[in-house]
Every structure is written in structure tokens, then in C-alpha cells.
Engineer: 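Here you go, one structure.
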Amino acid sequence: MTNMRRTGGRSEAGFSLVEVIVAIGVLAGVLISVSSMFMLGGRQVKAGKTITTATAICHDIMETFETMSFTALYTNLGASATDTTITVSSTTPSTFLTPWQADIDGNLEGGSASVTVTPLGPGTPNFGAATALRVRITVSWSELGRPQTVQMSTVRF
């Protein structure tokens, strides 16, 4: 928007002070909106990275269980044939999950992993009488003050 003014016999082209201030205000509003989108996008990328890391840790633990026999699956976690369920945490010293805690500490703030193995079959079976085992792996951590979890589950026959 240009204004043509006549002053003393010659014409000058330019913007008034009000037009310049309005244009600067509009530009500032647009720049603030765009910069907030960059910050939000950065947060989403970080959240995606931590979820991917937690999922990879879950998958790694699950792959280790896939190599074990049916009986070794619950005995390596400290259960006996007469137990009806077992839950083990990676923060407990000297458990099967302890080796993963260092990886969790390095990548997930305040994180831990837990494994719950439950026998399945007719009635309420114990591990010795089970026809299948449900294995549930949970990785938990805190991100921006909010608790986050990733969980994987499978049934072994």
C-alpha cells in the first residue's frame, strides 16, 4: 500500500508510520506462531525417539525370552513350579533384567522394566501345570514430568 503525497510541489511515495507499525505487528505474530510450531515439533521428535528406544528395549528383552525353553522362562526369573505368577523388576539387584537397567538409565529418565509371567491353562494353574505362559514386558519412564509406558505381551506354548 503506497501513499502519494504532495509536499511543496513534489510527490513522495512511502508508508505512513501507522502502516509500518501494523505491518511489524502482523510480522511479529506470524513469527511467534511459526517459532512455537518449531518448539512443539522438537518436543514431538524427542517423544518419538524415547518411545522408539523403549520399544527397542522391550523387543530386546522379548527376543531373549524367545530363546529360552518353557521351563527356563519362569525359573530364570526365580519362580518355582508351584508358583502362580511372578513379576520381576529391572531395578531389583541381581535379577534376570538387571543387565538392561544400564541401557534404560542411559536413555530413559527414571526408567525401569518389569516382566510378569502368568501361567495359563484349565482352572487356576501354577507354572508346573500350565499349558501356556503369558509374558508381559513393561518399560516405564518419565518424560517432561509425565509417566510414560511401553508394553509388549506374548503367549508361549
Side-chain angles (χ1 to χ4, degrees), residues 18-157:
V18 173
E19 291 172 329
V20 171
I21 290 173
V22 168
I24 289 174
V26 170
L27 180 63
V30 169
L31 289 177
I32 288 172
S33 299
V34 170
S35 66
S36 67
M37 286 192 289
F38 275 108
M39 292 184 338
L40 182 63
R43 255 190 256 153
Q44 293 297 330
V45 167
K46 184 183 182 318
K49 181 183 176 204
T50 55
I51 289 173
T52 301
T53 301
T55 304
I57 291 169
C58 263
H59 194 269
D60 190 34
I61 295 169
M62 188 67 80
E63 281 183 349
T64 302
F65 286 140
E66 292 292 325
T67 64
M68 294 180 189
S69 69
F70 191 81
T71 306
L73 198 92
Y74 62 86
T75 57
N76 282 343
L77 294 173
S80 65
T82 57
D83 291 335
T84 57
T85 190
I86 182 135
T87 300
V88 177
S89 176
S90 63
T91 57
T92 306
S94 303
T95 65
F96 183 76
L97 294 176
T98 303
W100 282 283
Q101 188 59 42
D103 195 21
I104 293 169
D105 286 339
N107 294 300
L108 304 171
E109 177 186 335
S112 67
S114 67
V115 174
T116 301
V117 181
T118 309
L120 303 174
T124 308
N126 54 27
F127 286 115
T131 56
L133 297 175
R134 176 180 292 123
V135 180
R136 178 169 288 135
I137 301 168
T138 305
V139 174
S140 304
W141 72 98
S142 176
E143 185 170 336
L144 299 173
R146 295 186 182 131
Q148 304 287 329
T149 60
V150 168
Q151 196 172 71
M152 287 187 175
S153 183
T154 188
V155 176
R156 290 278 307 269
F157 294 94

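The figures that follow rest on heavy atoms only: side chains count, while hydrogens, waters and symmetry mates do not. Residues: numbered from 1 along the sequence shown.
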Engineer: If you look at every heavy atom in Pro119 and Ala130, which pair is closest and at what distance?
Structural biologist: CB-CB, 3.5 Å
Engineer: Measure the spacing between OG of Ser140 and CD of Gln148 and express it to the nearest 0.5 Å.
Structural biologist: 10.0 Å
Engineer: So, taking the atom named CG in Leu40 and the one named CD in Gln44, what distance separates them when rounded to the nearest 0.5 Å?
Structural biologist: 5.5 Å
Engineer: Minimum heavy-atom separation for Thr84 to Phe127, with atom names?
Structural biologist: C-CE1, 4.3 Å
Engineer: Grab the two heavy atoms, one from Gly121 and one from Thr131, that are nearest each other, plus how far apart they are.
Structural biologist: CA-OG1, 3.4 Å
Engineer: So how far is it from Leu97 CG to Ile104 CD1, rounded to the nearest 0.5 Å?
Structural biologist: 7.5 Å
Engineer: With rounding to the nearest 0.5 angstrom, report the NE2 to OG1 distance, His59 to Thr52.
Structural biologist: 13.0 Å
Engineer: Could you walk me through whether Asp60 and Asp103 pass the side-chain contact (heavy atoms from CB on, under 4.5 Å) check?
Structural biologist: CA-CA 11 Å; Asp60 190 34; Asp103 195 21; 5.8 Å; no
Engineer: Grab the two heavy atoms, one from Leu120 and one from Leu133, that are nearest each other, plus how far apart they are.
Structural biologist: CD1-C, 4.5 Å
Engineer: If I compare all heavy atoms of Ala113 with all of Ile61, which pair ends up nearest, and what's the gap?
Structural biologist: CB-CD1, 4.2 Å
Engineer: Assess whether side-chain hydrogen bond (donor to acceptor under 3.5 Å, both in side chains) is satisfied between Ser69 and Thr71, documenting all intermediate values.
Structural biologist: CA-CA 6 Å; Ser69 69; Thr71 306; 5.1 Å; no
Engineer: Roughly how far apart are Ile137 CD1 and Ser90 OG, rounded to 0.5 Å?
Structural biologist: 11.5 Å
Engineer: Using the rule given for side-chain contact (heavy atoms from CB on, under 4.5 Å), can you reason through Thr55 versus Met152, listing the C-alpha separation, both sets of side-chain angles and the distance that settles it, and then say yes or no?
Structural biologist: CA-CA 8 Å; Thr55 304; Met152 287 187 175; 3.7 Å; yes
Engineer: Would Leu77 and Phe65 count as a side-chain contact (heavy atoms from CB on, under 4.5 Å) if you check the C-alpha gap in whole Å, the side-chain angles of each, and the deciding distance to 0.1 Å?
Structural biologist: CA-CA 11 Å; Leu77 294 173; Phe65 286 140; 4.3 Å; yes
Engineer: Decide yes or no for Phe96 and Thr64: does some side-chain heavy atom of the first lie under 4.5 Å from some side-chain heavy atom of the second?
Structural biologist: yes
Engineer: So Trp141 and Asp105, do their side chains get closer than 4.5 Å, heavy atoms only?
Structural biologist: no
Engineer: Can you label the angle between the Phe70 ring and the Tyr74 ring as parallel, tilted or perpendicular, going by 30° and 60°?
Structural biologist: perpendicular
Engineer: Between Leu144 and Lys46, is the side-chain contact (heavy atoms from CB on, under 4.5 Å) condition met? List the steps.
Structural biologist: CA-CA 11 Å; Leu144 299 173; Lys46 184 183 182 318; over 6 Å; no
Engineer: Say whether Ser80 and Thr82, considering side chains only, have a donor N or O and an acceptor N or O under 3.5 Å apart.
Structural biologist: yes
Engineer: Which one of Thr87, Val88, Ile86 satisfies the side-chain contact (heavy atoms from CB on, under 4.5 Å) criterion with Thr116?
Structural biologist: Thr87
Engineer: Nearest heavy-atom pair of Glu143 and Ala47: which atoms, and what distance?
Structural biologist: OE2-CA, 3.1 Å
Engineer: Any donor and acceptor pair, going by atom type alone, linking the side chain of Ser114 with main-chain N or O of Val139 inside 3.5 Å?
Structural biologist: no
Engineer: Is there a donor-acceptor pair under 3.5 Å between the side chain of Gln101 and the backbone N or O of Gly111?
Structural biologist: yes
Engineer: Between atom CE of Met68 and atom CD of Glu63, what is the distance when rounded to the nearest 0.5 Å?
Structural biologist: 12.5 Å
Engineer: Has Arg156 got more than 12 heavy atoms of other residues, nucleotides or ligands less than 6.0 Å from its CZ?
Structural biologist: yes
Engineer: Do Thr98 and Thr95 have side-chain atoms, one donor and one acceptor, less than 3.5 Å apart?
Structural biologist: yes
